[in-house]
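Written out below as structure tokens is the structure these notes cover.
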Protein chains: 2
Amino acid sequence: MREVGARGPAISVDDDCPVREVLDRVGDKWSVLIVVLLGQRTHRFGELHRAIDGISQRMLTLTLSRLVRDGLVCRTAHPTVPPRVDYSLTDLGRTLLVPLRALDAWAVAHRDDIRAARARHDAAAG
Amino acid sequence: MREVGARGPAISVDDDCPVREVLDRVGDKWSVLIVVLLGQRTHRFGELHRAIDGISQRMLTLTLSRLVRDGLVCRTAHPTVPPRVDYSLTDLGRTLLVPLRALDAWAVAHRDDIRAARARHDAAAG
DNA sequence: CCGAATCCCAATGGATACTG
DNA sequence: CAGTATCCATTGGGATTCGG
């Protein structure tokens, strides 16, 4: 996060905030799932499509091309017929797995706390 | 992330995926900013409004109430006139700062890599 | 088999005006 | 000061169809 003074003159969120950039890339509906799957092994397009329940072909294509563009995922098209395209993590993509797993660990550790808080809140008010 | 077999029968993304839940809560446009600001110190509503450049009153209210509902943020209304409402992190919210900072560290460390990859990609194709 | 193109709907979020 | 309510533009993303 960009440095923010205690009574500083307002963060500019659009400007120059690294976390913002990461979340814009990885905070969407499918990117994390894909990165984690590719963290296990290389997958073909169709494998990913089958592995991720509920994703449309359009969103899989779109999300993959963004991840490739950002250098997190590597695309390898084999000039065969029928075509075969493999996706895997780049070195950069693999480094992202680390903080992603930290976030995951937090999620696993605290999901019950969140659910409890939510239940308490909803019971109190509505 | 829920366990995913190498050739397993498809992850159900909606079902029961902890990271999904976290990103659904914190992957929006403003939550992370607010959590980080409150990680520095307690803020009043208006302080947050001024501190976060570009946020609307509506989204600040909305995001705060979600964070309160999930037990990440604590709301304290003082019965004074004019009213004064303080927001701070709960213990749970403070634990979230840790993985958030890990993600931030990654973002800071690799934003140039991403930009370079993007530039390379855009130069090559369009 | 991979993926681009089009269409369409629902959700997100900004602007503004109003209330206790 | 701290919200709530209404309206509207933009975006995300699913379904489907077509192309290489």
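Order of the sequence lines fixes the chain letters, A, B, ..., with proteins taken first and strands second; residue numbering starts at 1 for each chain.
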Give me the one residue out of B/R118, B/R120, B/R115, B/R111 that meets salt bridge (charged side-chain N to carboxylate O under 4.0 Å, His left out) with A/D70.
B/R118
Where the side chain of A/S31 meets the backbone of A/D28, is there a donor-acceptor pair that is under 3.5 Å apart?
no
Among D/dG3, D/dC1, C/dG13, the one nearest any side-chain atom of B/R66 is C/dG13
Main-chain N/O of A/R84 paired to A/H78 side chain as donor or acceptor, under 3.5 Å:
yes
Closest of C/dG3, D/dT4, D/dG13 to the B/Q57 side chain is D/dT4
Should A/S56 be listed as having a side-chain N or O under 4.0 Å from OP1 or OP2 of D/dG14?
yes
Establish, with yes or no, whether the OP1 or OP2 oxygen of D/dC1 is under 4.0 angstrom from a side-chain nitrogen or oxygen of B/Y87.
no
Tell me which nucleotide among D/dG14, C/dG3, D/dG20 gets nearest to the side chain of A/T61.
C/dG3
In whole angstroms, the gap separating P of D/dG14 from CD1 of A/I55 amounts to 7 Å
Below the 4.0 Å mark, does C/dG3 have OP1 or OP2 next to a side-chain nitrogen or oxygen of A/R75?
yes
Calculate the interatomic distance between A/D86 atom CG and C/dG3 atom P; express it in whole Å.
10 Å
Is there a side-chain polar atom (N or O) of A/R58 under 4.0 Å from OP1 or OP2 of C/dC2?
no
Ring geometry between B/W106 and B/H110 (parallel below 30°, tilted from 30 to 60°, perpendicular above 60°)
tilted
Return whichever of A/L62 or B/G46 has its heavy-atom-nearest nucleotide of DNA chain D closer to the 5' end.
B/G46
With heavy atoms under 4.0 Å as the rule, sort B/R44 into base, sugar-phosphate or nothing.
sugar-phosphate
